[in-house]
Amino acid sequence: MLLKDRVAIITGGAKGMGRGTAEKFAEEGCNVAIIDIAIDEAKKTAATINKKKGGKAIAIKCDVTSGKQVADAVAEVIKQFKKIDS
């Protein structure tokens, strides 16, 4: 597992390439925070990861064009996972 015990923020992780990236990171042992404005889709992606991919995921509604929303999302990730890896 290449990313065991790491924490990543995946923007646009609700669907498409972002979802694929989140799932692949989770398969490699990474905990993922799925950041997207499409919160219902993000929650579905997180549920799939939590049930089938072996990782832990959370979904956070965030418009990345808003600095305040990004700061709030980062704070929530740190609250949930205690860190963010680069």
Side-chain angles (χ1 to χ4, degrees):
M1 299 191 126
L2 296 174
L3 301 173
K4 185 166 175 43
D5 299 324
R6 301 281 185 140
V7 176
I9 293 175
I10 309 294
T11 58
K15 51 192 165 194
M17 289 191 303
R19 179 181 176 129
T21 300
E23 289 178 351
K24 185 61 178 171
F25 275 43
E27 288 171 5
E28 292 295 334
C30 192
N31 296 316
V32 294
I34 299 161
I35 309 296
D36 207 300
I37 57 173
I39 191 61
D40 291 336
E41 299 287 338
K43 287 179 180 178
K44 289 177 188 175
T45 299
T48 297
I49 288 169
N50 289 325
K51 291 178 185 174
K52 299 179 183 176
K53 299 295 180 179
K56 183 175 178 189
I58 60 172
I60 301 171
K61 184 173 183 174
C62 178
D63 179 346
V64 297
T65 66
S66 167
K68 180 176 181 344
Q69 287 187 35
V70 170
D72 290 346
V74 167
E76 183 63 24
V77 174
I78 292 171
K79 179 181 172 186
Q80 294 289 323
F81 293 120
K82 310 298 184 221
K83 65 176 184 167
I84 299 169
D85 290 292
S86 56

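Heads up: numbering here begins at 1 and tracks the sequence.
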Checking Ile37 now: which residues fulfil side-chain contact (heavy atoms from CB on, under 4.5 Å) with it, not counting sequence neighbours?
Asp63
Once side-chain contact (heavy atoms from CB on, under 4.5 Å) is applied, do any residues pair with Lys61, and if so which ones, sequence neighbours excluded?
Ile39
Name all pairs fulfilling the side chain to side chain donor-acceptor pair (under 3.5 Å) condition that reach into residues 3-12, sequence neighbours left out, sorted by first residue then second.
none
Taking salt bridge (charged side-chain N to carboxylate O under 4.0 Å, His left out) as the test, write out the residues that go with [X], two or more places apart.
{"X": "Arg19", "value": "Glu23"}
{"X": "Asp72", "value": "Lys68"}
{"X": "Asp85", "value": "Lys83"}
{"X": "Lys44", "value": "none"}

Are [X] and [Y] connected, step by step, through hydrophobic side chains (Ile, Leu, Val, Met, Phe, Trp, Tyr) whose heavy atoms are closer than 4.5 Å?
{"X": "Ile84", "Y": "Ile10", "answer": "no"}
{"X": "Ile58", "Y": "Ile35", "answer": "yes"}
{"X": "Leu3", "Y": "Val7", "answer": "no"}

Can you give me the closest heavy-atom contact between Thr45 and Ala14, atom names plus distance?
OG1-O, 2.8 Å
Might you point out which heavy atoms bring Ile34 and Ala42 nearest each other, and give the distance in Å?
CG2-CB, 3.8 Å
If the test is side chain to side chain contact (heavy atoms under 4.5 Å, CB included), which one of Ile9, Asn31, Val32 qualifies with Val77?
Ile9
Where do Ile49 and Phe25 land on the side-chain contact (heavy atoms from CB on, under 4.5 Å) test, with the steps shown first?
CA-CA 10 Å; Ile49 288 169; Phe25 275 43; over 6 Å; no
Does Gln80 have any side-chain hydrogen bond (donor to acceptor under 3.5 Å, both in side chains) partners at least two apart in sequence or in another chain, and if so, which?
Glu76
